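Okay, so here's the structure we're looking at.
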Amino acid sequence: MKKNALKLNVLLAVAVGVACLVLMLAETLAPMAIMPRFDLTMMLGLSLAALTVEAYWKPGQRYPWPIATVLGGVTFALLPWCAGVAGAVPVWTLGLCGAAVFGIAALLYSSILERIASGSSPRLAPAGSALLLFLAGQFLIGLF
């Protein structure tokens, strides 16, 4: 079986695409409703969702992190901008912020999983790690 090095980025693209589709449809069908913004918190949540699905799908697989970070930045730059949910944020800002958020989240998530998931059957380790990283990210984003 051939190793698929881009599976994490495909999962991230699916997560971002579904989120953009939901935001676009909700904005179209309910224009007066208050919609969530596509900001750093949503980027972190989507990154952690893709990382968690990937951790449950094939645990212990290694990826080239620089390539995954660059492709994550491209995903966060192009999909929200093309869907029109980014607002007036420039594409390069979305790309840089998306690459930074995805790269840091992937690095922290993989290091947490290596330390926590040491037992024979760590079923809740990926989901718990993602939840704790999301809460820590919300706390740090709320400081600024």
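This one's a predicted model, so the numbers in the text were calculated from it and none came from an experiment.
- Using a 4.5 Å heavy-atom cutoff, the side chains of Val101 and Phe76 are not in contact.
- Two residues are said to be in side-chain contact when any heavy atoms from C-beta on lie closer than 4.5 Å; Glu54 and Leu12 fail this criterion.
- By the side chain to side chain contact (heavy atoms under 4.5 Å, CB included) test, Leu108 is found to be paired with Ile104, Leu133, residues two or more places apart in sequence or in another chain being considered.
- Separating the CD1 atom in Ile112 from the OG atom in Ser129 is a distance of 5.5 Å, to the nearest 0.5 Å.
- Residue pairs meeting the salt bridge (Lys or Arg N to Asp or Glu O under 4.0 Å) criterion with at least one member in residues 16-29: none, sequence neighbours excluded.
- Lys7 places a side-chain heavy atom less than 4.5 Å from the side chain of Trp57.
- Phe102 places none of its side-chain heavy atoms less than 4.5 Å from the side chain of Thr75.
- Considering only residues two or more places apart in sequence or on other chains, Ile67 meets the side chain to side chain contact (heavy atoms under 4.5 Å, CB included) condition with Pro64, Leu71.
- Met43 and Trp65 fall within a single hydrophobic cluster, where Ile, Leu, Val, Met, Phe, Trp and Tyr side chains are chained together by heavy-atom contacts under 4.5 Å.
- Between Leu40 atom CG and Leu140 atom CG the span is 11.5 Å, to the nearest 0.5 Å.
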List, one per line, each side-chain donor-acceptor pair under 3.5 Å for residues 77-98, sequence neighbours excluded.
none

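- Not counting sequence neighbours, the partners of Ser111 by the side chain to side chain contact (heavy atoms under 4.5 Å, CB included) test are Arg115.
- Met42 and Ile141 fall within a single hydrophobic cluster, where Ile, Leu, Val, Met, Phe, Trp and Tyr side chains are chained together by heavy-atom contacts under 4.5 Å.
- Grouped by direct or indirect side-chain proximity (heavy atoms under 4.5 Å, Ile/Leu/Val/Met/Phe/Trp/Tyr only), Leu135 sits with Leu131.
- Sequence neighbours left out, the pairs with a member in residues 35-51 that pass salt bridge (Lys or Arg N to Asp or Glu O under 4.0 Å) are Arg37-Asp39.
- Between the CG atom of Leu11 and the OG atom of Ser47 there is a distance of 12.0 Å, given to the nearest 0.5 Å.
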Working for side chain to side chain contact (heavy atoms under 4.5 Å, CB included), residues Thr52 and Phe134 = CA-CA 12 Å; Thr52 304; Phe134 183 72; over 6 Å; no
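- Tracing side-chain contacts under 4.5 Å through hydrophobic residues (I, L, V, M, F, W, Y), one never reaches Leu48 starting from Leu107; they form parts of separate clusters.
- Leu21 is linked by a side chain to side chain contact (heavy atoms under 4.5 Å, CB included) to Met24, Leu25, counting only residues two or more places apart in sequence or in another chain.
- Within the 4.5 Å cutoff, the side chain of Tyr56 has no heavy atoms near those of the Leu51 side chain.
- Looking only at distances, no side-chain donor or acceptor of Tyr109 sits under 3.5 Å from a matching main-chain atom of Ala55.
- Leu44 approaches Ala105 most closely through the heavy-atom pair CD1-CB, 3.9 Å.
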